[in-house]
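We number each residue from 1, following the sequence as shown. Ligands are counted one by one from 1 in listed order, and the atoms in each one are counted from 1 as well.
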Amino acid sequence: MSDSMRAGAIWERVGRRLRAELGEDVFSSWFKSIEIDLAETDAVRLSVPTRFLKSWIDHHYKDRIIARWSEEAGQPVAIDIMVRTAAGARAVSRPRPVEEAARPAAPVPAPQRHDGTHLSAVQNTLGGSPLDPRLTFETFVQGRSNTLARAAALQVAQSRPTDAVLFNPLYIHAGVGLGKTHLLQAVAGTAQAGGRRVLYLTAEKFTFGFVAALKNQTAIAFKEALRNIDLLIIDDLQFLQGKQTQAEFCHTLNALIDAGRQIVVAGDRPPSDLENLDERVRSRLAGGLTVEIGALDENLRFDILKQKLAHARAQHPGFDVPPTVMSYVAKNVTQNGRDLDGAFNRLIATNRLTNQPVTIEMAERSIRDLVRIAEPKRVKIEDIQKIVAQHYNVSRSDILSSRRTATVVRPRQIAMYLAKTMTLRSLPEIGRRFGGRDHTTVLHAVRKIEGLVGQDPALSEEVEALKRRLND
Ligand SMILES: Nc1ncnc2c1ncn2[C@@H]1O[C@H](COP(=O)(O)OP(=O)(O)OP(=O)(O)O)[C@@H](O)[C@H]1O
């Protein structure tokens with residue numbers, strides 16, 4: 001077994017122990033996003049996505065992680081925790097040579113079909129991210145959770161250069177695997193086929209392109225080339241890194257919007273929650289149209305599977321999945337589109353490799369690990385404020401106010417603590433939702449209540465009771 005496989009297995013066991021010792025809430029707040037960057041027998045480097053997480057884990061949990069890891073490994077292990085960079089966070093292709101990336105855009109080619117064999121000259125010249133020919137509007141299945149996002153995306157994709165720009169920027173946000181990239185690529189393909197100069201980039205590619213251009217002193221040409229396009233599409237905005245890159249991105253946004261060009265951006269949360277992003281970029285993004293793609297409901301999951309089956313049958317005419325199995329998968333694989341892809345691919349693979357027909361039993365066996373136990377309820381900050389206020393007999397506006405009497409301060413701190421541990425909201429976002437407070441005030445409240453809950457069984461019971469009410 002390689003060091004990294006061994007480390008993965010150890011981390012799974014360490015994770016189980018931490019979860020048992022600290023509880024599910026603490027575990028998912030602080031440890032879920034940890035990844036193993038480097039693993040050797042006696043030294044491990046872990047990474048987390050934000051500086052805040054690193055400093056919190058360093059201060060509160062690092063010794064415990066070292067102790068559990070060393071116990072599981074059967075020897076002392078040194079552990080270092082780093083903040084993930086864009087370069088380290090995801091595998092990306094090497095940036096194109098900058099002289100090439102910075103060359104101004106070539107004239108627009110004749111309209112092309114979105115068949116993946118030709119990308120527009122702009123896309124190529126600026127080193128745009130590759131387009132997947134399968135990700136089109138035709139293959140994007142519409143459901144309740146994505147109707148608005150799809151409609152806005154289609155409108156943008158089909159508008160002609162002479163049409164007035166309606167929603168600019170169009171910002172689409174959704175959790176992992178809910179179809180953002182699919183929709184963005186469909187926009188890119190459709191607009192390109194309509195003859196517009198389109199550039200589709202992941203935020204990482206934008207960062208690499210700009211940093212490389214700066215190094216090679218070709219930044220001006222890079223900026224000019226960027227501003228020469230009709231439609232700029234940026235995916236995974238949460239990975240836009242660095243102050244200077246963000247400032248350049250902001251200038252590009254402003255220049256393109258002022259020139260009547262369209263911008264489409266996707267991220268994993270609303271602009272107001274992108275805590276690492278420059279305030280100017282956030283407010284510019286929030287000034288257009290922001291739409292969310294919600295979780296895929298069972299009907300939509302079923303329709304996506306149906307579409308996949310039709311596609312698979314076109315390639316393998318003998319392949320079939322009975323409706324009962326489709327319903328079983330749609331009912332049980334609930335997390336996201338990527339898990340649905342995985343489940344469906346396993347049915348095809350098992351069928352083709354073993355010649356077994358696709359039955360419920362076969363599906364149960366092949367997708368067991370993708371089947372989730374009922375998802376936890378999504379708790380809203382407003383509900384936390386309401387229930388905590390009721391419990392302590394104060395009003396919600398007391399909690400949001402600046403009053404500092406003890407009868408209000410403690411419930412407010414408990415509500416902030418619950419907001420941090422029961423929702424995915426960031427500290428700045430929680431601060432804003434609690435009457436425009438600073439994120440350090442929220443952090444103080446979270447630490448305070450975490451400390452008190454450990455020492456005071458009555459308070460701990462009170463907090464648990466509040467959690468139960470919120471989860472009901
Ligand atoms: N409405 C839909 N119709 C058809 N396929 C979908 C739909 N929604 C998601 N999918 C499929 O689910 C998979 C994941 O979608 P996609 O990569 O677009 O997610 P994402 O939101 O960009 O995820 P991430 O946040 O990880 O970047 C893809 O194969 C995509 O085609």
Side-chain angles (χ1 to χ4, degrees), residues 32-33 35 49 84 86 89-93 114 116 129-154 157 170-190 200-207 233-240 264-271 273-274 276-277 290-312 314-315 321 326 329-330 332-349 367 370 372 424:
K32 266 237 164 102
S33 59
E35 284 175 10
R84 274 198 284 286
R90 290 183 157 199
V92 287
S93 51
H114 178 205
S129 308
L131 295 185
D132 182 335
R134 290 166 303 179
L135 304 181
T136 63
F137 281 108
E138 288 70 39
T139 56
F140 187 85
V141 182
Q142 185 175 323
R144 216 173 350 169
S145 58
N146 62 29
T147 302
L148 186 57
R150 182 183 177 280
L154 190 63
L170 169 61
Y171 185 89
I172 298 172
H173 67 96
V176 171
L178 298 181
K180 300 180 291 293
T181 298
H182 190 140
L183 209 46
L184 256 51
Q185 294 228 358
V187 172
T190 305
Y200 169 82
L201 282 172
T202 61
E204 287 165 329
K205 275 239 168 189
F206 182 92
T207 306
I233 304 179
I234 303 279
D235 202 355
D236 285 334
L237 188 73
Q238 66 277 8
F239 295 117
L240 193 72
V264 182
V265 179
D268 66 352
R269 60 202 98 161
D273 283 11
L274 289 163
N276 292 328
L277 212 59
T290 297
V291 280
E292 181 175 10
I293 303 180
L296 312 174
D297 61 34
E298 195 175 323
N299 286 340
L300 180 52
R301 297 196 295 268
F302 186 85
D303 290 344
I304 293 177
L305 288 169
K306 230 164 62 184
Q307 198 239 119
K308 288 188 188 305
L309 178 60
H311 181 75
Q315 289 170 347
V321 183
M326 298 276 275
V329 178
N332 290 290
V333 179
T334 56
Q335 209 67 0
N336 60 49
R338 213 159 282 132
D339 282 358
L340 275 185
D341 286 348
F344 194 78
N345 289 340
R346 284 194 209 169
L347 298 184
I348 300 188
I367 64 169
L370 296 173
R372 314 264 166 170
L424 293 174

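Any N or O atom pair closer than 3.5 Å counts here, and R338 shares at least one such pair with ligand 1. The shortest N or O to N or O distance between L178 and ligand 1 is below 3.5 Å. Here's the thing with Q307: none of its N/O atoms is less than 3.5 angstrom from an N/O atom of ligand 1. For a threshold of 3.5 Å applied to N or O pairs, the pair formed by I304 and ligand 1 contains no separation below that value. For ligand 1, the polar-atom distance check against G179 finds a nitrogen or oxygen pair separated by under 3.5 Å. An N or O contact shorter than 3.5 Å is missing between L300 and ligand 1 by distance.
Shown in contact with D341 at under 4.0 Å from a heavy atom are these atoms of ligand 1, numbered in order with element: 13 (C), 28 (C), 29 (O). Atoms of ligand 1 lying under 4.0 Å from at least one heavy atom of T181, given by number and element, are 17 (O), 18 (O), 20 (P), 22 (O), 27 (O). If you number the atoms of ligand 1 from 1 as listed, the ones under 4.0 Å from a heavy atom of D236 come out as 27 (O).
Between the S145 side chain and the A295 main chain, a donor and an acceptor come within less than 3.5 Å of each other. Distance alone, capped at 3.5 Å, is enough to place a donor-acceptor pair between the H182 side chain and the T136 backbone. Q185 places no side-chain N or O within 3.5 Å of a backbone atom of L135 that could act as its donor or acceptor partner. Between the side chain of N146 and the main chain of G143, a donor-acceptor pair closer than 3.5 Å is present.
Of the heavy atoms in N146, only side-chain atoms (C-beta onward) come closer than 4.0 Å to ligand 1. Contact annotation: for T139 versus ligand 1, heavy atoms closer than 4.0 Å belong to the backbone alone.
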Could you give me the CA-CA distance, side-chain angles and deciding distance for V329 and F302, then say whether side chain to side chain contact (heavy atoms under 4.5 Å, CB included) is met?
CA-CA 8 Å; V329 178; F302 186 85; over 6 Å; no

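Closest heavy-atom approach to atom 23 (O) of ligand 1 among the candidates A266, G177, G337: G177.
Side chains of L240 and F206 form a contact here, defined as non-hydrogen atoms less than 4.5 Å apart.
Note on K180 versus D236: no salt bridge recorded, every NZ/NE/NH1/NH2 to OD/OE distance being 4.0 Å or above.
The 12-atom threshold is exceeded at CD1 of I348, counting heavy atoms of other residues, nucleotides or ligands nearer than 6.0 Å.
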